[in-house]
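First comes the structure, then the notes that go with it.
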Amino acid sequence: MPELAEVEYYRRRWDAGLHAPVTRVLVHPKAGVFKTTSHAVLVRHLTGATLLSSEAAAKQMLFRFAAADHTPLWLGIHLGMTGELTVQPAAHTPRKSDHLVLVQPDRALVFTDPRMFGRVLFHHGPDAPAWWTSIAPAVLSPAFTPAAVADFLRRRARTPIKPVLLLQERFPGIGNWMADEILWRAAIHPRRPAGSLTPAEIKTLHRETRFVATHALRIIGSSTAATLPDPPKTWLFPHRWADGGTCPKTGAPLVREDIGGRTTCWSPARQTL
DNA sequence: TCCTATGTTGTATG
DNA sequence: ACATACAACATAGG
């Protein structure tokens, strides 16, 4: 489920464990989410460590810990397609899809991911690891300019705009539903070759990317609700999944097709080739 | 049974 | 080297 705003929503759940020590670390015996991380190293370093702070960038999360000997520890989590962070009672027994459980005196911080497309990354030492520092500048940062978008689209000129919006090197945090939402608001057909967008359309695309990111973070990312909130009915989001959905701007039927390997939803009444 | 799923990466080809 | 397209990863739910 997780794109930019959902990642932020899940990150904040683990705020419950800030400033508390980790008394036990449970890792799934054959979890595929520890792709480049050794279970033993993770358990050895995190046991006895204290959670200091966390941040989200794009679709990644960083949890900073201090080891018992004060060594800075960096725990990275990517939720993949089906990952979630939850908070459970301290006595929590790991379920089938619970890959990492950080037990604290009053709770357990759990990373669960049935489909195992997620990732756990780990680093110890004073300097931030490359997997964190090399994330592209956020779409809400000053570095995300119309000119930067124009450059990027020029290099991907023959590719349909939809899959281009999913490329994390320029649109960090944008995923399938946000990409469709942006194109729908910008009134751009998802099959338009990236190189065919006019300067005015690129400006609009840039503006709507920021709009969707800003409001998704406000509605979803800032929420403390027990379940993930949905964007309002005035957005494409609530109408895009089921057959027979209609465009909230025009009332016309929506269309769904595979573009670049992902199901894409658009409103033919607003978005034409 | 078959199809779908809010993601990324490796590989083949141009 | 770069751009492009697509299979593969693994599982649950309709």
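Reminder, nothing fancy here: chain letters follow the sequence lines and each chain counts from 1. Reckoned from all heavy atoms, side chains included, excluding hydrogens, waters and symmetry mates. Here the structure is a predicted model, which is why all the values come from computation and not from measurement.
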### Task
Could you check which of B:dT9, B:dA5, C:dA3 has an atom nearest any side-chain atom of A:R119?
B:dT9

### Query
Tell me the ring pair (Phe, Tyr, Trp, His ring centres under 6.0 Å) pairs involving residues 1-24 of chain A, sequence neighbours left out?
A:W14-A:F63

### Task
In whole angstrom, give the distance that lies between atom CZ of A:R240 and atom C1' of B:dT4.
13 Å

### A:F117 over C:dC9, stacked by centroid distance under 5.5 Å, angle under 30°
yes

### Query
Using a cut-off of 4.0 Å on non-hydrogen atoms, how would the nucleic acid contact of A:G80 be classed: base, sugar-phosphate, or nothing?
sugar-phosphate

### Message
Taking only side-chain N and O atoms of A:T82, does any of them lie within less than 4.0 angstrom of OP1 or OP2 on B:dG7?
### Response
no

### Query
Across the strands shown, which category fits A:P114 at heavy-atom distances under 4.0 angstrom: base, sugar-phosphate, nothing?
sugar-phosphate

### Task
Please confirm whether the backbone N or O of A:F211 pairs with a side-chain atom of A:R207, one donor and one acceptor, at under 3.5 Å?
no

### Same-atom distance (C1') from C:dC9 to B:dT1, integer angstrom
22 Å

### Message
Tell me whether A:R210 at atom CZ has more than 12 heavy atoms from other residues, nucleotides or ligands lying less than 6.0 Å away.
### Response
yes

### Task
Mark yes or no for a side-chain to base donor-acceptor pair under 3.5 Å between A:R158 and C:dA3, with no hydrogen or angle criteria applied.
no

### A:R155 side chain near C:dC2 phosphate (N/O to OP1/OP2, under 4.0 Å)
no

### Task
Can you sort out which residues in residues 159-183 of chain A have a heavy atom within less than 4.0 Å of DNA chain C? Ascending by number, please.
A:T159

### Task
Kindly say whether A:P193 contributes a backbone atom to a donor-acceptor pair with the side chain of A:S196 at under 3.5 angstrom?
yes

### Task
Using only side-chain N and O atoms of A:H78, determine if any of them is under 4.0 Å from OP1 or OP2 of B:dG7.
no

### Message
Could you tell me how far apart A:D151 (CG) and C:dC2 (P) are, to the nearest whole angstrom?
### Response
15 Å

### Query
Do we get A:R270 above A:W184's six-membered ring, with its NZ or CZ under 6.0 Å from the centre and within 45° of the axis?
yes

## Note on the structure
Across every strand shown, the nucleotide meeting Watson-Crick or G-U wobble geometry with C:dA1 (both distances under 3.5 Å) is none

### Query
A:L121 has an atom CG; how far is it from atom C1' of B:dT9, in whole Å?
14 Å

### Ion pair check, A:D243 and A:R256, cut-off under 4.0 Å
yes

### Message
Tell me if a side-chain donor or acceptor on A:Q104 pairs with a main-chain N or O of A:A20 at a distance below 3.5 Å.
### Response
yes

### Query
Are OP1 or OP2 of B:dG7 and a side-chain N or O of A:R262 less than 4.0 angstrom apart?
yes

### Message
Under a 3.5 Å distance rule, please check whether A:E6 uses its side chain to pair with a backbone N or O of A:I220 as donor and acceptor.
### Response
no

### Query
OP1 or OP2 of C:dA12 less than 4.0 angstrom from a side-chain nitrogen or oxygen of A:K96, does that happen here?
yes

### Query
Looking across every strand, which nucleic acid part, if any, lies under 4.0 Å from A:S97 by heavy atom: base, sugar-phosphate, or nothing?
nothing

### Message
Say we look at C:dG13 and B:dT8: how far apart would their P atoms be, to the nearest angstrom?
### Response
23 Å

### Query
What is the base-pairing partner of C:dA10, counting Watson-Crick and G-U wobble geometry with both distances under 3.5 Å?
none

